[in-house]
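Numbered from 1 within each chain, the chains take letters A, B, ... in sequence-line order.
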Number of protein chains: 2
Amino acid sequence: MSKSQSKSLKTVDEDHRHSDSEVSNLGKDHYLLEDQVGFILRGVSQRHLSIFSRLIPELTPTQFSALSKLCQLGQASQNELGRLTAMDAATIKGVVDRLKLRELISSEPLSSDLRRLILKPTSAGQQLYLKVVSSAHAVTKETLEPLSDKEKDVFLSLLKKLI
Amino acid sequence: MSKSQSKSLKTVDEDHRHSDSEVSNLGKDHYLLEDQVGFILRGVSQRHLSIFSRLIPELTPTQFSALSKLCQLGQASQNELGRLTAMDAATIKGVVDRLKLRELISSEPLSSDLRRLILKPTSAGQQLYLKVVSSAHAVTKETLEPLSDKEKDVFLSLLKKLI
DNA sequence: GCAAATTAGTTTGTATGCTAACAATTAATT
DNA sequence: AATTAATTGTTAGCATACAAACTAATTTGC
């Protein structure tokens, strides 16, 4: 989506495809993939990810979401952190596991509720968060760069309605 | 994001978190995850996926993208199909493999260019496409349902600028 | 006070989506 | 003709993301 979609660098067979009746594409179904919100959404997500990983190579978007929430809260249980970052239990577990592996966060069971794992950022985790938070702002800025200031506001308010 | 985020069904520890200096959250970093375009985008994608899989349980969004393109074109090489559906070579391969496994598409090498695999939808693939294409329209409709007609137009045109 | 429902966390399986490296084939250049 | 470059497809590894099935702990409702 973002690169080298230059179209027709191909040399053969890019034609005579609707030649005859080999395809029973009976009567225009007028389904245009390029106009579907899901398809465009996927393209925008791909572009955002590519910007994010260029500006913040140390963390993935979900890892940064979890780390930033945890740094701002100070602590949270694993499921709670998942809810706050819109990740289900299975997803937040993987994210937390990888952050723990890198010792950016720590966990300890809560004595008053043995089901809960209390997560806290380590010193290294807080330092990394403070180091990259300005880049995180830059990610949003660059992602929205094709829009004017007014368009940004309109877009974000409409986008929020679709969650 | 979409469900049961009722907030504060929790009973303990949801407080005294910023109690003191245990967190060196020095000076408001004013990074609000909920306002970042990437975070909202992920939420919208999650909601879209949930709508899609409810209305079209037979296929994933990328599978439907590939199948619909192939049915409309009649045939395409694997890489070509990937470009048309915004998937890189590794991703389109997985999608194609799963569609072939279910015999919704077929492949054969092109004699004039032995690097290429020519993909075509099978009869079952075409039938499935024709069966679900109206649901695919419904997916877009339901996803955009929170917006007025005018807002939909504005939103889609802005979204397209961000690819 | 005890069964039932709820909540927290884990595990498994399936499906994207990315990067990177690779082999085979074909095209372009010298 | 030989080298170089580009394209096609494959494989592997990592990281979301979902559903479903499971254990364990806690809360509830009677």
Inset, instruction - On the 0 to 90° scale, with breaks at 30° and 60°, tag the B/Tyr129-A/Tyr31 ring pair as parallel, tilted or perpendicular. - result: perpendicular

Inset, instruction - For A/Glu103, look at atom CD and say whether over 12 heavy atoms of other residues, nucleotides or ligands are found less than 6.0 Å away. - result: no

Legend entry - Residues touching DNA chain C, which here means a heavy atom under 4.0 Å, drawn from residues 90-104 of chain B: B/Ala90, B/Thr91, B/Val95, B/Arg98

Inset, instruction - Calculate the interatomic distance between A/Arg54 atom CZ and C/dT19 atom P; express it in whole Å. - result: 12 Å

Inset, instruction - For A/Leu117 and for A/Leu49, find the nucleotide of DNA chain C with the closest heavy atom, then tell me which residue's nucleotide is more 5'. - result: A/Leu117

Inset, instruction - May I ask you to decide if A/Pro61's main-chain N or O and B/Arg42's side chain share a donor-acceptor pair within less than 3.5 Å? - result: no

Legend entry - Listed partners of A/Glu151 passing salt bridge (charged side-chain N to carboxylate O under 4.0 Å, His left out), at least two apart: B/Lys161

Inset, instruction - Report yes if a side-chain nitrogen or oxygen of A/Asn79 is closer than 4.0 Å to either non-bridging phosphate oxygen (OP1 or OP2) of C/dG9; otherwise report no. - result: yes

Legend entry - Listed partners of A/Asp153 passing salt bridge (charged side-chain N to carboxylate O under 4.0 Å, His left out), at least two apart: none

Inset, instruction - Please list, chain by chain and in numerical order, all residues satisfying salt bridge (charged side-chain N to carboxylate O under 4.0 Å, His left out) with B/Asp88, sequence neighbours excluded. - result: none

Legend entry - Donor + acceptor pair across side chains of A/Gln127, A/Ser123 (<3.5 Å): yes

Inset, instruction - Starting from C1' on D/dC18, measure out to NE2 on B/His48 and report it in whole angstrom. - result: 15 Å

Inset, instruction - Starting at atom CG of A/Leu81, determine the distance to atom C1' of C/dA8, rounded to an integer number of angstrom. - result: 14 Å

Inset, instruction - Write down the distance between CD (A/Glu80) and P (C/dT6), rounded to a whole number of angstrom. - result: 21 Å

Legend entry - Spacing between A/Phe52 atom CZ and D/dA15 atom P, to the nearest angstrom: 13 Å

Legend entry - Integer-rounded Å distance: D/dT7 C1' and B/Arg116 CZ: 8 Å

Inset, instruction - Establish, with yes or no, whether the OP1 or OP2 oxygen of C/dG17 is under 4.0 angstrom from a side-chain nitrogen or oxygen of A/Arg42. - result: yes

Return the polar atom pairs (N/O with N/O) between nucleotides 22-26 of chain D and the protein under 3.5 Å, or none.
from: D/dT26; atom 1: OP1; to: A/Leu114; atom 2: N; distance (Å): 3.2

Legend entry - B/Gln63 vs C/dT16: side-chain N/O to OP1/OP2 distance below 4.0 Å: yes

Inset, instruction - Let me know the distance between CZ of B/Arg83 and C1' of D/dA6, rounded to the nearest Å. - result: 12 Å

Inset, instruction - Using only side-chain N and O atoms of B/Thr60, determine if any of them is under 4.0 Å from OP1 or OP2 of C/dT16. - result: yes

Inset, instruction - Not counting sequence neighbours, which residues clear ring pair (Phe, Tyr, Trp, His ring centres under 6.0 Å) with A/Phe155? List them please. - result: B/Phe155

Inset, instruction - Considering just the side-chain nitrogens and oxygens of A/Gln46, establish if one lies under 4.0 Å of OP1 or OP2 belonging to C/dT16. - result: no

Legend entry - Result of checking A/Val139, A/Thr140, A/Thr143 against A/Phe52 for side chain to side chain contact (heavy atoms under 4.5 Å, CB included): A/Val139

Legend entry - Spacing between B/Met87 atom CE and C/dG17 atom P, to the nearest angstrom: 7 Å

